[in-house]
Visitor: 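Submitted below is the structure of interest, expressed as structure tokens.
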Amino acid sequence: PLVWNAKELVRVGEFFSFGETLYYGLNTAFLLTIFGSLGLAGLCELVCRWRLARRSEGPARIFSPAPAILVGLGLTAVYLLLFWGLGVHFFYIYIQGYKAIFT
């Protein structure tokens, strides 16, 4: 998602001003995609540690703060996007901010 957003910023930077381009790059769809990807990365880390603990003979630490925080960020993003509808409601705030800054 980071590479895709950078590509989109370059693409829209050709016809938008610098401020508008940055504003476009910080929209809710992009931010929630990043947090969702981080959550999946944390979940994959926990699964990999669990599988490693099953295969190893000695004790292995499965849970640590970093993957747990990442999973929490991902669950928060999914909750805000799907269940609370932040993506839809925040879009209207986003558009009002855009109009206030650039018009």
Visitor: If I take atom OG1 from residue Thr21 and atom CD from residue Glu8, how far apart are they, to the nearest 0.5 angstrom?
Guide: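 It is 11.0 Å, given to the nearest 0.5 Å.
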Visitor: Tell me whether the count of non-hydrogen atoms from other residues, nucleotides or ligands lying under 6.0 Å of CZ in Arg51 goes above 12.
Guide: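 It does not: Arg51 CZ has 12 such atoms or fewer within range.
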Visitor: Does any part of the side chain of Leu38, heavy atoms only, come nearer than 4.5 Å to the side chain of Phe35, both counted from C-beta?
Guide: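 Yes; the side chains approach each other to less than 4.5 Å.
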Visitor: Looking at every heavy atom in both Ser37 and Pro1, which two are closest together, and how far apart are they?
Guide: OG-CG, 3.4 Å
Visitor: If every non-hydrogen atom of Gly42 is compared with every non-hydrogen atom of Val71, which pair is closest and at what distance?
Guide: C-CG2, 3.6 Å
Visitor: Mind jotting down which residue pairs meet the salt bridge (charged side-chain N to carboxylate O under 4.0 Å, His left out) criterion with at least one end in residues 37-49? Sequence neighbours excluded, please.
Guide: Glu45-Arg49
Visitor: Taking Ile34 as the starting point, is it possible to reach Val10 by hopping between hydrophobic residues whose side chains are less than 4.5 Å apart?
Guide: no
Visitor: With sequence neighbours excluded, tell me which residues meet salt bridge (Lys or Arg N to Asp or Glu O under 4.0 Å) with Glu20.
Guide: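 Result, salt bridge (Lys or Arg N to Asp or Glu O under 4.0 Å) vs Glu20: none returned.
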Visitor: Rounded at 0.5 Å granularity, tell me how far CG in Leu70 sits from CG in Leu40.
Guide: 10.5 Å
Visitor: Please say whether more than 12 non-hydrogen atoms of neighbouring residues, nucleotides or ligands are located less than 6.0 Å from CZ in Phe15.
Guide: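 Yes, because the 6.0 Å sphere around CZ of Phe15 holds more than 12 heavy atoms from other groups.
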Visitor: Side chains of Phe102 and Tyr23: closer than 4.5 Å at any heavy-atom pair?
Guide: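 They are in contact (side-chain heavy atoms under 4.5 Å apart), so the answer is yes.
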Visitor: Measure the CD1-CG distance between Ile69 and Leu73 for me, rounded to the nearest 0.5 Å.
Guide: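 Separation between the atoms: 7.5 Å.
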Visitor: Would a 4.5 Å heavy-atom cut-off, applied to side chains only, mark Leu2 and Phe30 as touching?
Guide: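 They are in side-chain contact.
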Visitor: Within the distance-only criterion (no hydrogens, no angle test), does the side chain of Arg11 pair as donor or acceptor with the backbone N or O of Gly13 below 3.5 angstrom?
Guide: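 Judged by distance alone, no pair lies under 3.5 Å.
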